[in-house]
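Accompanying notes for the structure given below.
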There are 2 protein chains.
Amino acid sequence: MTYQHPKFLVAVDCVIFGYQDADLKLLLHHRDIEPAKGQWSLMGGFVSDGESVEDAAMRVLYQTTGLTNIYLEQVAAFSAVDRDPGARVISIALVALIRIDEHDRELVRKNGAHWRSVNEVPKLIFDHNEIVEKGLETLQKRASNELAGRELLPEHFTFGQLRSLYEAIFQRTFDPGNFRKKVLSLNVIERLDIKNTKESKKGAYYHRFKDQNESNDPERIFKIHLKG
Amino acid sequence: MTYQHPKFLVAVDCVIFGYQDADLKLLLHHRDIEPAKGQWSLMGGFVSDGESVEDAAMRVLYQTTGLTNIYLEQVAAFSAVDRDPGARVISIALVALIRIDEHDRELVRKNGAHWRSVNEVPKLIFDHNEIVEKGLETLQKRASNELAGRELLPEHFTFGQLRSLYEAIFQRTFDPGNFRKKVLSLNVIERLDIKNTKESKKGAYYHRFKDQNESNDPERIFKIHLKG
DNA sequence: CCAAAAGTGTTGCTTGTACACCCATGT
DNA sequence: ACATGGGTGTACAAGCAACACTTTTGG
């Protein structure tokens, strides 16, 4: 051992967002270990040897949703000395965005996990409510700097669906016309020749995200300040 | 012990920015422990029991600069398994902004520390160059979302000095007139009746940051996109 | 026919950007 | 007198925001 210093348990807590029924969802489960066993908690786990924080988060995600290749972003480190009454644990929070229709429902069920609307997050253990707050902020920042949704929407989506997603993320409404124009100006989605006729009488064209390469993004600053 | 899991050394690495001679500076020192002893490194240390990550960073700052009450912001966790050849160390990076004229030069000297321009950062140990990059990004984001400089400039400063600071942070020039108007519109600084006559023939009014309370900030989005 | 979402257009306003231009003064 | 940074003003462009209006079709 080269260094003589105290060591710590290091955990990852995943703020896993999905989107369904025009509502931003958060994956929560009943914690299965003491302390606070049975209470609502974020999906989390401890970092293992030979594993980076991101590796650990991906492992947790795979174990709980069956998904790989997930978009992950660090939120922050939470390290208050008494944040976990069971032991001194330093936790790195990460936010993950997943397509809710692709996850393994059986796995989620086995984990005692449930999707809950971000508007109805129950009291969570420790500082997890605070982590959710910060995680949502991180998502909002991301969604203002670029057009988010690739990881949350199905392959094909209408403008209405994209707008609903943004309304869920920012917890407010956007003017349909202005939102459309703003998104189009970013030049990152393209229209298909198929129409969705389920969600409106007239029918709305499906769109899809362009490939990373062809979506020429010259400093795309989104700056969503559209009012309802 | 409640949990059975591997434990890790947790470090803090501080990206300490100061500002002097129209140049953004970074505090570096010669590492005094093996491995990589003597090489350039960020100011850092290990988290102790009973100490949060922020506590540890403040301790490191105090030990190296003698300063307390420093603005601190988390950058990210760096946790690649082999990032430190001496041992498995998970490091939380934080960015700190200090007024360079207030630090304890003697302390800094004892630490073998030196201020280096961010434009001339040498090869650092481990992943510290990457940490500096991320730290600068964090500073830039902060400086675009609000008027930064409280912690970097002296009490009284001219528009020229503030603009120079921003030019150092963003590594580009700003139009003097437009910069002035933009900053004034934020309504967070006030003019004093004293003039600085050293840096220009005409003399420039000193300004200072208003108190947090009286600087009514209605969603101040800075959005520095001024061209040279 | 009516409601409701899709999609387009118009207009006023705010803000960014590029300048021109005067001011004060040390050299 | 002139070069230099300070400070103000102007004019155009771009983007935001509010909202009118037309299209389409299921009920």
Side-chain angles (χ1 to χ4, degrees), chain A residues 21-22 143-147 156-167 170 172-208 217-228, chain B residues 21-22 143-147 153 156-168 170 172-208 217-228:
Chain A
D21 305 327
S144 346
N145 288 323
E146 67 179 39
L147 189 60
H156 304 337
F157 54 89
T158 65
F159 260 101
Q161 291 165 343
L162 179 60
R163 180 166 48 84
S164 291
L165 168 62
Y166 263 79
E167 292 181 340
F170 288 94
R172 66 187 206 74
T173 59
F174 293 101
D175 178 276
N178 293 340
F179 183 82
R180 166 187 301 273
K181 275 176 289 189
K182 179 64 192 167
V183 170
L184 282 176
S185 77
L186 296 173
N187 195 32
V188 292
I189 68 173
E190 61 191 356
R191 202 180 82 174
L192 304 174
D193 282 329
I194 327 162
K195 277 198 170 188
N196 172 333
T197 51
K198 282 173 186 160
E199 301 181 32
S200 78
K201 329 268 170 129
K202 182 181 175 184
Y205 281 107
Y206 275 117
H207 290 70
R208 74 163 169 222
D217 44 330
E219 271 204 42
R220 44 179 170 177
I221 301 281
F222 203 4
K223 203 178 153 206
I224 295 250
H225 278 193
L226 310 175
K227 287 276 164 56
Chain B
D21 304 328
S144 340
N145 288 324
E146 66 179 39
L147 189 60
L153 292 170
H156 304 338
F157 54 89
T158 65
F159 260 102
Q161 292 165 344
L162 180 59
R163 180 166 48 81
S164 292
L165 169 61
Y166 263 80
E167 293 181 340
F170 287 95
R172 65 185 206 75
T173 58
F174 294 101
D175 178 276
N178 294 338
F179 183 83
R180 166 187 301 273
K181 275 177 290 189
K182 179 63 191 170
V183 170
L184 282 176
S185 77
L186 297 173
N187 195 31
V188 292
I189 67 172
E190 62 189 356
R191 203 180 81 174
L192 305 175
D193 282 330
I194 328 161
K195 277 198 171 186
N196 171 333
T197 51
K198 283 175 189 159
E199 303 180 31
S200 77
K201 331 270 171 121
K202 181 179 177 183
Y205 281 108
Y206 275 118
H207 290 71
R208 72 163 171 223
D217 44 330
E219 272 204 42
R220 46 177 169 178
I221 303 281
F222 202 5
K223 203 177 153 209
I224 293 251
H225 277 193
L226 310 176
K227 287 277 164 56

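Every chain is numbered from 1, with letters handed out A, B, ... down the list of sequences. Worth saying up front: this structure is predicted, and the values here are computed from it rather than measured.
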Could you tell me the separation between the [atom1] atom of [X] and the [atom2] atom of [N], rounded to a whole number of Å?
X       : N       : atom1 : atom2 : value
F159(B) : dG5(D)  : CZ    : C1'   : 14 Å
D175(A) : dT10(C) : CG    : C1'   : 13 Å
H207(A) : dA5(C)  : NE2   : P     : 18 Å
N178(B) : dA14(D) : CG    : P     : 16 Å
K182(A) : dA17(D) : NZ    : P     : 10 Å
F174(A) : dA17(D) : CZ    : C1'   : 13 Å
L192(B) : dG6(D)  : CG    : C1'   : 16 Å
R180(A) : dC16(D) : CZ    : C1'   : 18 Å

Non-hydrogen atoms of [X] and [Y] that approach each other most closely:
X       : Y       : result
E167(B) : T173(B) : OE2-CA, 3.4 Å
Y166(B) : E146(B) : OH-O, 3.2 Å
Q161(B) : L153(B) : O-CD2, 4.2 Å

Heavy atoms under 4.0 Å, any strand shown: does R163(A) hit a base, just sugar-phosphate, or nothing?
->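 Result for R163(A) = sugar-phosphate.
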Are any of K181(B)'s side-chain N or O atoms less than 4.0 Å away from OP1 or OP2 of dT8(D)?
->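 The answer is no; no side-chain N or O of K181(B) sits under 4.0 Å from OP1 or OP2.
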Describe, in one word, how the ring planes of F179(A) and F159(A) are oriented to each other, choosing from parallel (under 30°), tilted (30 to 60°) and perpendicular (over 60°).
->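 Aromatic pair F179(A)/F159(A) classed perpendicular.
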For DNA chain D, what residues of residues 195-205 of chain B have any heavy atom nearer than 4.0 Å?
->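 Output list: E199(B), S200(B), K201(B), K202(B), G203(B), A204(B), Y205(B).
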Sequence neighbours left out, what passes side-chain contact (heavy atoms from CB on, under 4.5 Å) with A204(B)? Give chain and number order.
->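 Checked A204(B) against side-chain contact (heavy atoms from CB on, under 4.5 Å); matches are T158(B).
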What residue pairs, at least two apart or across chains, pass salt bridge (Lys or Arg N to Asp or Glu O under 4.0 Å) with a residue in residues 196-208 of chain A?
->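 Every pair satisfying salt bridge (Lys or Arg N to Asp or Glu O under 4.0 Å) with a residue in residues 196-208 of chain A: E190(A)-R208(A).
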